[in-house]
Each structure stands twice: as C-alpha cells, then as structure tokens.
Amino acid sequence: MKERAMSNINRRQFIKMLSSTALLTTSHGVAALSRKPDSSGRVVIIGGGFGGATCAKYLQRFDPMLDITLVEPKQRFITCPFSNAVLGDLRDIDSISHGYDAHRKRGIKMVHALANDIDPAKRNVTLNNGDTLQYDRLVVSPGIDFRWDDVEGMSASMAEKIPHAWNGGPQTILLHKQLQAMRDGGLVIIAPPANPFRCPPGPYERASLLAHYLQQHKPKSKILILDAKPKFSKQALFMQGWEKLYPGMIEWVSGTEGGRVTRVDAEQMTLYGELADHRADVINFIPAQKAGVIAFRAGLVDNTGWCPVDQRSFESTLQPGIHVIGDASLAGAMPKSGFAANSQGKVCAAAIVSALHDSHMPEPSYVNTCYSLVGPDYGISVAAVYRYSKQQGIYKVKESGGVSPMNVDREFREKEARYAHGWYASITSDSFG
Amino acid sequence: MNTRHLSIPTTLLLLVLPGTAHTVDISPGAMLANSCAACHGTDGNSPGAIPSIHGKTADFISKSLKEFRSGERDATVMGRHASGYSDEEIKLIADYFAGLK
C-alpha cells in the first residue's frame, strides 16, 4: 500500500484490515479473530488491582465495542484493604481474594502474565510469556514498589523475616503466622514510612486490629509504633479509640521524638532509632514507597519516584498515549488508596473513551472514603469529594469531606464499622464484579 | 447478524467498510453518579450493608442528598459527601439513577 493511501485511512483501520485479511485466509471463523472485528480501539491495562480492574470494567461499560485487555499476573487478587482484618483474625484470606470471571464475562481479555516492558514509540507491551500486545491507549496501574535502600539493613530478602505486609498476599499470611506464633507478653513493632505512601490510615488500623487480636489471645503483649512522621491520618480518632478499647496496649512514637527508624537488624530483630534501640518479637517494617517497577521501565516516573499525569485524564505528562492511575500516579489532593484508584479508574476510562471517539469529556468528579476499623464494632472514616482545575489539578471541594466526629456514642461507631464492611463488599464488586 | 454464514469476500467487505463507527458520549450525570458506586455498588446495587440506591426515584435521591447536605437528616458519612455537590449536580445524579434500567 502506498504511503499516500495510508494517510487517508487511520492506522487503526489499516491494522484492522491487515489482521482481518490475514486471519480470514487461515480461519473461517470470525470468532477466531484475536481482535474484536468492529472494535473502536485497543486498550491494554497493566495491573488488575482497584485502579486497573475498575478502569477495564468502566471502559467496557462506556463503550462495549472497545477491545480491552487486562494484564495481571495473579489469577486472584488479594486486596490490601481488609488485610488488617485478616491479621486481626476477623476475616480469612479467601474473603479478601477476588478473581476476574466477571471481567471475562464482559468480554475483557484477561492475560495472566507480567508486563516486562513498554515501547511507547511502537505502542506495545512485552510480556514475560514472550507475547507482545499492541495498543492504541495504555493504562498503567502498577501500584507500589519499595525503597529498600532508604534505611540501612533493609532489603527485599529481609522482608521474609520482618514482613511489610503492604501488598495483600504472601506477606499478609507471613505476618499473620508470626503473630499467631508469638508468645504472650511479646512486643510487636509497626514502623510506618514517611509520606506519601499507600493507605495513610492503614498502619494505625493495623495497630488497632492487632491490639484486638492480642487482647483476646495474648493480653500481656504490647504494640509499639515507631513512626517516621510527626502526625498521622485520623490521629485523634484512633487515639481516642485506643484509649477506650485497648488502654495501655499501644504506644506511638512520633518521628520528631525518636520514632524514625535509621537502621534495621532483622537477624537481631532490632530496630535502631535516633534515641533508642528496640528489640521486638514481631516487626512489621513498612518501607518508604515509589511507583511500581514497570512505571520506571517505561519512563513514566519523575524525580519524586511517582508518575506525573494530566490530572483530568491521567495521561502521562512524560509519555503521550499512556495513562497512569492509582497509587503510582501523582493525583493532586487525592490520597493513595484503593478507593481513590477506583475513582481514578472511572475518570480515566471516560477520558480514554472520549479521546478515542473524539467526543467531549464531562468535567471529572472524584471521590474518596477511607474507613478504618479501630475494633470489630468500632469504625471511623475520612472522606472527600474532589474536582479538577487547570491551576490546582485535583483539589478537594472545600465544603466537602472531613473525618468522623470525636466523642460520639457507641451506636455511631458501630454503624461506621458496619458500613466499613459494606463498603468493602461494594467496592470489590464495583471493581472486580 | 451471524457473520459465519457469509462468504469470505462479503465478510471481508463488511469488516473494512467504513460506517461501523459509532459515537459514545459520556454524560455529566454518569460522571458524577459513578462516584457513588464505590460505596453503593455499581449502578447503585449494593451487595452489602450500605443501602442500595438503584431503582430510587429522582425525587427521593435529590431530597435525600439535600437533607444530608443541610444536616437535616442524620448521617455518618453522607453529609461529608453531599456537601461536595451543587443543586444542579444533585439533579444530574438523581436523574441519572432514576433513568437506569
């Protein structure tokens, strides 16, 4: 085909013609085409967590004619939300594991492989099974990776002894086993990282539900939180809850008062702080974080370690045609949470569909709510509605949001605990169902 | 249409002919209302403890959101959400849910 003719039809139509011709000469069944015959574009999504799974589902809902492929190594995704409930013995791991059957039923192609590399110029993704996927638009939702080198003595292999349990899965199970095996009267240390990191209230919910477990089974035990930060999410609410439910069990050390860990000795089960050394029976050291590894390979990361995006569409400002959502993205005022990733997945899906159809995208609206369980019947939350402006990027709507009130009755906390479980049922069905 | 019964040349013609394009417009109501799904379930069908809003009338949703926003109706978190939306946006959300099948 001459180049002149090529310019008169778009690339997508051309590839469609080629693939149709090639396949029809070898196969009579249209269903055997690897690509939807009338597809309005090929979208590949890397990462099947809250961001990627939601984006795939809403892309399909917005435009059933899209050719959508979701790349995720795991057959079942174990969520970080409610993994603290597994650690606290309130739930089992199966109840926080989610497959992709609903995605398959929607016609989304599931590829259980690891994305090794992205070629932005050729618009393709290379997988660890040797396959290459072509895309018109790519969504990267890789979650987090760890900055192992930030603290002396810490490494990926050390996490087999002192788990971070900051991805749902084997690490959750490992920490759970260590807690089960611990003696009564033992010390558990939780060491949360500096900002920004995934799930800001997570370490403190973890302290709460571990305290609940220890109170039931090993009541002489204690929890020490060695924090890199001077303050934390929902701090007053957590502390009020701890005093009420677990008096004397949880001690929090601020980053400005010796909480910051400067060295880890996993063999000696010791964390070194600026003022003191702390030996413990179980250590949950949560390293500082950065965007998932594929984002680095594709040149999507700036010097913050995260991915700058146009916060209206989540298209990378470094690599056109590639969108980054979820924890890995720099999403203005939004926190790094499963809820935020779900919300961003929908906005990103709308942006991609609008771009492929050259239609107008409505003004984006985003939302986040983080529920935390302080105890099985004691829930607290923080919420906000977000909008976009060119000057501010994603900003919180001033009138919206905030945290649960202090000093409310038991019924209010019980209700929020019930809603926390309800939220989990809803968001996992909205993302994976 | 069952393309399996068409001859190969006909199928090929259908596949390469222009005119298969369709337009997709995402409404402002859908954009706003999709935010609700993370707690209330996709299309407002909640599988758990949070109330479903699927199948509710526009009046019901609009009135509820405005009462949450003003504090007239007690809530745990809905006041903090409803305060993020204008009257016009509440109407778009309410009409979107009411229009779902």
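Every value quoted in this text rests on a predicted model; they were computed, and no experiment measured them. All chains are named by letter (A, B, ...) in the order of the sequence lines, taking the proteins before the strands, and each is independently numbered beginning at 1.
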Handout entry: 4.5 Å side-chain heavy-atom contact, A:K346 and B:S35
Key = no

Fill in the blank from the handout: Bottom line for A:H421: the part with an atom under 4.5 Å from chain B's heavy atoms is neither

Problem - Heavy-atom pair of closest approach, residues A:S429 and B:T42 - result: O-OG1, 4.1 Å

Problem - Best-contacting candidate, A:G379, A:A425, A:A420, against chain B by heavy atom pairs under 4.5 angstrom - result: A:A425

Problem - Approximate separation, where rounding is to 0.5 Å, of A:E363 CD and B:E89 CD - result: 10.0 Å

Exercise for the section: Indicate yes or no for a side-chain donor-acceptor contact from B:S83 to the backbone of A:E399 under 3.5 Å, with no hydrogens or angles considered. Expected result: yes

Handout entry: All salt bridge (charged side-chain N to carboxylate O under 4.0 Å, His left out) counterparts of A:R61, not counting sequence neighbours
Key = B:D43

Problem - Check: A:F339 and B:C39 side chains under 4.5 Å, non-hydrogen atoms - result: yes

Exercise for the section: For residues A:S354 and B:I26, determine if any side-chain heavy atom of one lies less than 4.5 Å from a side-chain heavy atom of the other. Expected result: yes

Handout entry: Per-residue contact mode, A:F50 against chain B (heavy atom under 4.5 angstrom)
Key = neither

Practice task
Please name the pair of heavy atoms, one in B:D25 and one in A:S359, separated by the smallest distance, quoted to 0.1 Å.
Solution key: OD1-CB, 3.3 Å

Exercise for the section: Specify the closest pair of heavy atoms between B:A38 and A:S426, including all atoms of both residues, with the distance to one decimal. Expected result: O-CB, 3.4 Å

Handout entry: Under 4.5 Å from any heavy atom of chain B - which part of A:V382
Key = backbone

Practice task
State the OG1-CG distance between B:T23 and A:D63, to the nearest 0.5 angstrom.
Solution key: 10.0 Å

Completion exercise
CZ of A:F412 to OG1 of B:T76, rounded to nearest 0.5 Å, is 5.5 Å

Problem - Side-chain touch A:T369/B:H81, heavy atoms, less than 4.5 angstrom - result: yes

Handout entry: Value rounded to 0.5 Å, distance of OH in A:Y58 from CG in B:N34
Key = 5.0 Å

Problem - Atom pair CG/OG of B:L92 and A:S365 - distance to nearest 0.5 Å - result: 10.5 Å

Exercise for the section: Sort B:A75 into side chain, backbone, both or neither according to what part of it lies under 4.5 angstrom from a heavy atom of chain A. Expected result: backbone

Handout entry: Side-chain heavy-atom pair A:S381, B:R80 within 4.5 angstrom cut-off
Key = yes

Handout entry: Rounded distance (nearest 0.5 Å) linking atom CE of B:M31 with atom OH of A:Y366
Key = 7.5 Å

Practice task
Sort A:D358 into side chain, backbone, both or neither according to what part of it lies under 4.5 angstrom from a heavy atom of chain B.
Solution key: neither

Handout entry: Side chain, backbone, both or neither of A:K57 within contact of chain B (heavy atoms, under 4.5 Å)
Key = side chain

Exercise for the section: Tell me, out of B:D74, B:V77, B:N45, who's got the most heavy-atom pairs with chain A below 4.5 Å. Expected result: B:V77

